Amino acid sequence: MSEEKSLNFIEEIIEADLESGKYTSVLTRFPPEPNGYLHIGHAKSICLNFGLALKYGGATNLRFDDTNPVKEETEYVDSIKEDVNWLGFTWAKELYASDYFEQLHGFAVTLIQKGLAYVDDADADEIASLKGSPTEAGKDSPYRNRTKEENLELFSGMKEGRYPDGSKVLRAKIDMAANNMHMRDPIIYRIKHAHHHRTGDKWCIYPMYDFAHGQSDSIENITHSICTLEFIPHRELYDWLIEQLEIFPSKQYEFARLNMTYTVMSKRKLLQLVEEGYVQSWDDPRMPTISGMRRRGFTAESIRNFCDRIGVAKRENLIDVSLLEFCVREDLNKLASRVMAVLDPVKLIITNYPDGQSEALISENGPDESYGTRMVPFSKELWIEREDFMEEPAKKWFRLAPGAVVRLKSAFIVKCESFIKDTKGNVTEIHGTYYPESKSGDDTTGFKVKGTIHWVSAAHALQAEVRLYDRLFKVENPSQEEGDFKDYINPDSLQVIPNAYVEPSLKDVGVSTNYQFIRLGYFCVDKETTPEKLVFNRTVSLKDAWAKEAKKG
RNA sequence: UGGGUUAUAGUGUAAUGGUAGCACUACAGAUUUUGAUUCUGUCCGUCUAGGUUCGAAUCCUAGUAACCCAACCA
């Protein structure tokens, strides 16, 4: 009696296709161009394509759409494979559109032989001007009526490298007056004397997207070819080519791409951020790239859950990043061990605790026994969070203040007796006394304290660099603002704390392990951590009810 | 101004002629040795105007708004 989850529109199509017997199984594909790193928008597509195959017992190919050699690189191929894998998906076949160059060339020859394609000598500007406009029909190219023989000869010359880049193209012969601009004799092959990351210098003509994508789908017998909304106008051409070529009829379906608040989601813009140094790399933890989010400490599980929750439909959307943060906290809450770290330290001296003494206290690693426990050293001098002390306590303040009492997590109850300030008025030391009978788990005092704060023993603490990340942009939708999207970058998206203190149990941590720094947030070990220097990334803060309360004034 | 696509709480997404539901957010409360988690509750919605129907988010008509299309990019 599981609750039936409603189907998205693509699932409805698939179920209808399966039921009618049109197909007996589904084959999808994820078709990235290897010209950039994958981002959370791709994750939506990956989860959709692979998820559909998983749900309906089919398979998914990973196919690189590598038809433009000047933009594509092996580095990107490698990162894409790593990201898809990390997200938890396994492709049936690793394929490349370039694997089909020979067949694709054959298809082009077929089209010419059928009188459905011609070689055009016009240059880019001429072709564009003859194309007309959305409200105005195009005009035929003067080369449109060449004979099949002439076209065959010319196309063969193109292939053999007899012509320079841009001097000729092969166009499908469809309808220069079509309402759909993509049907006005689209270019299907162009000359590029460029080195291809896989085929090397074998080719100097390359198919355009429209003459590669659908044909590759068809060659692979893809049943449901799922892409984003902006390809809707391409579908007519997609179907036309398959029909004229008389090949396997793959079908294209379009869904709305993901947009998310406070970030940008185009490879072009992300590339700019990297190249112009607004972020340090594609995997900068502020980036919405999969590698950036991974480095930031997001889990694959949480990203999959997010993609599940945002749904699949055809309307434009702008997802609130707080949903992603919710998914991340939800998963990390289950899996992260709790430890103590102090980011903005101020010293707390327990005046009635013996000098030079220390003791190991048992602390739970999580909310229940399954997380286990660890030992944490306690001593006379502790670091606590500056923010946890208020000289003149606000209303509803549960933390430290002159005369106030708090529990030190997993340790003792302390009472603040006094504090010292420097000449600038900054608190430099807080003095307090502790109640020896109030030891955590063994408290016989009967005191009820409202607040519990975290701490680390000054003598035992480890120094660490902690990097706090905030949203990359100051506005919800930077792409829709006036002017350049880069004008809206948040200058405070990265705050580095060079000398935070963390408890000694973190001495030999493994890169990318997730922790909860109690009361502060989820953090993970950055790849730049060395035996000499610990580096943590804040994945996401904890929800902070006090911050809200404080804002009210 | 041609063609295409889409309109349901603040944000997403269901309801396929029959009680407008779910999640996030926001707000309020309970529990809490994390002001976390957990739990409970509250606010808020069918683009507009007509029509068909016992009954319309859903069907019809006319509007309106948003997005996409004129790269030898994908």
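Just so we're clear, the structure is a prediction, and the values are computed from it rather than from any experiment. Atoms considered below: every heavy atom in the structure, side chains included; atoms not considered: hydrogens, waters and symmetry mates. Just so it is clear: chains get the letters A, B, ... in the order the sequence lines come, proteins before strands, and each one is counted from 1.
- One atom, NZ of Lys314(A), and another, C1' of U5(B), lie 7 Å apart when rounded to the nearest Å.
- Ion pairing between a basic and an acidic side chain is recognised when a charged N comes within 4.0 Å of a carboxylate O; Glu330(A) and Arg309(A) show such pairing.
- Take the nearest nucleotide of RNA chain B for Asp121(A) and for Ala313(A): the residue whose nucleotide is more 5' is Ala313(A).
- A26(B) sits 38 Å from G4(B) when the C1' atoms are compared, rounded to a whole Å.
- Residues satisfying the side chain to side chain donor-acceptor pair (under 3.5 Å) test with Lys269(A), not counting sequence neighbours, are Ser479(A).
- Aromatic ring centroids of Tyr96(A) and Phe64(A) lie under 6.0 Å apart.
- Remark: aromatic rings of His213(A) and Phe231(A) are distant, center separation not under 6.0 Å.
- Judged purely by distance below 3.5 Å, without hydrogens or angles, the side chains of Thr228(A) and Glu230(A) pair a donor atom with an acceptor atom.
- We find that CG of Asn8(A) is positioned 16 Å from C1' of C22(B), with the value rounded to whole Å.
- His182(A) and His234(A) have tilted rings, their planes meeting at an angle from 30° to 60° on a 0 to 90° scale.
- Comparing U53(B) with C47(B), their P atoms sit 23 Å apart, to the nearest whole Å.
- A gap of 13 Å separates the P atoms of C39(B) and U25(B), to the nearest Å.
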Across nucleotides 64-70 of chain B, 5' to 3', mark each nucleotide with B, S or - according to how protein heavy atoms within less than 4.0 Å reach it.
---SSSB

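- In this structure, Lys450(A) has no salt bridge (charged side-chain N to carboxylate O under 4.0 Å, His left out) partners at least two apart in sequence or on a different chain.
- Between Phe378(A) and Trp455(A), the ring centre distance stays below 6.0 Å.
- On the C1' atoms, U61(B) is 36 Å away from A23(B), given to the nearest whole Å.
- A straight line from CZ of Arg309(A) to P of A14(B) spans 16 Å, rounded to a whole angstrom.
- For the OP1/OP2 pair of U13(B) and a distance below 4.0 Å, the side-chain nitrogens and oxygens of Arg315(A) include at least one atom meeting the criterion.
- If you measure from atom CE of Met208(A) to atom C1' of C73(B), you get 7 Å, rounded to the nearest angstrom.
- U25(B) atom P lies 13 Å from atom CZ of Phe306(A), rounded to whole Å.
- For RNA chain B, the stems formed by at least three consecutive Watson-Crick or G-U pairs, with both atom-pair distances below 3.5 Å, span B:2-7 with B:64-69, B:10-13 with B:21-24, B:26-30 with B:38-42, B:47-51 with B:59-63.
- Nearest to the side-chain atoms of Arg190(A) among the listed nucleotides U1(B), G12(B), A74(B) stands A74(B).
- A sub-4.0 Å separation between OP1 or OP2 of U13(B) and a side-chain N or O of Ser6(A) is absent.
- Using P as the reference atom, A62(B) and C73(B) are 42 Å apart when rounded to the nearest Å.
- Note on Asp123(A): a base of the nucleic acid sits closer than 4.0 angstrom, heavy atoms only.
- As rounded to the nearest Å, A7(B) and U19(B) have C1' atoms that lie 24 Å from one another.
- Here the separation of A57(B) from U13(B), taken at their C1' atoms, is 14 Å to the nearest Å.
- Between His196(A) atom NE2 and C73(B) atom C1' the separation is 14 Å, expressed in whole Å.
- Only the C1' atoms considered, G10(B) is 25 Å distant from U5(B), to the nearest whole Å.
- Here U11(B) presents its P atom at 18 Å from CD of Glu325(A), a figure rounded to the nearest Å.
- When rounded to the nearest whole Å, the span between CG of Asn305(A) and C1' of U13(B) equals 16 Å.
- Tyr76(A) and Tyr37(A) have perpendicular rings, their planes meeting at more than 60° on a 0 to 90° scale where under 30° would count as parallel.
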Sugar-phosphate atoms are those with a prime plus P, OP1 and OP2; base atoms are the rest. Using that split, label each nucleotide of nucleotides 26-38 of chain B B, S or - for protein heavy atoms under 4.0 Å, 5' to 3'.
SSS----BBBSS-

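- Taking the six-membered ring for Trp, Phe536(A) and Phe517(A) have ring centres closer than 6.0 Å.
- Among residues two or more places apart in sequence or in another chain, the salt bridge (charged side-chain N to carboxylate O under 4.0 Å, His left out) test is passed with Glu437(A) by none.
- Each of Phe155(A), Phe211(A), Tyr206(A) was scored for a ring pair (Phe, Tyr, Trp, His ring centres under 6.0 Å) with His105(A), with one residue passing: Phe155(A).
- Annotation: the span from Tyr434(A) atom OH to Leu348(A) atom CG amounts to 13.0 Å, rounded to 0.5 Å.
- Heavy atoms of Ala122(A) sit under 4.0 angstrom from at least one base atom.
- The residue among Glu136(A) and Lys267(A) whose nearest nucleotide of RNA chain B is located toward the 5' end is Glu136(A).
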